[in-house]
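Everything numeric in this text was worked out from a predicted model, so none of it was measured.
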Amino acid sequence: MLTGAKAITQFFNRDSSDELQTTADTALTKFLDSPQDVSTILAGWQSSAQKVLSS
């Protein structure tokens with residue numbers, strides 16, 4: 001999966017705000033539970049992150 005990735009990031013928790021990290025934690029937990037729903041999870045994460053970034 002990593003070899004085929006277009007981009008990758010590491011240390012997101014150190015490079016983002018605490019509020020943004022919460023959105024990532026939620027998305028990761030959902031992905032680990034239901035990896036087949038990755039598109040829906042990513043869309044939800046993007047929406048949540050936009051709310052944090054807009055505030």
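- In terms of heavy atoms, Ala27 sits closest to Ile41 at O-CG2, 3.5 Å.
- With sequence neighbours excluded, the residues that form a side chain to side chain contact (heavy atoms under 4.5 Å, CB included) with Leu42 are Val38, Trp45.
- What you find for Leu20 and Ala49 is that their closest heavy atoms are CD1-CB, 3.6 Å.
- Within a 6.0 Å radius of CG in Asp18, no more than 12 heavy atoms belonging to other residues, nucleotides or ligands are found.
- Every residue meeting the side-chain hydrogen bond (donor to acceptor under 3.5 Å, both in side chains) condition with Gln21, not counting sequence neighbours, appears here in chain and number order: Asp25.
- Rounding to the nearest 0.5 Å gives a distance of 7.0 Å between OG of Ser17 and CG of Leu53.
- Between the side chain of Ser47 and the backbone N or O of Ala43, no donor-acceptor pair lies under 3.5 Å.
- No donor-acceptor pair closer than 3.5 Å links the side chain of Ser54 to the backbone N or O of Lys51.
- Note that CD of Glu19 is 13.0 Å distant from OG of Ser48, once rounded to the nearest 0.5 Å.
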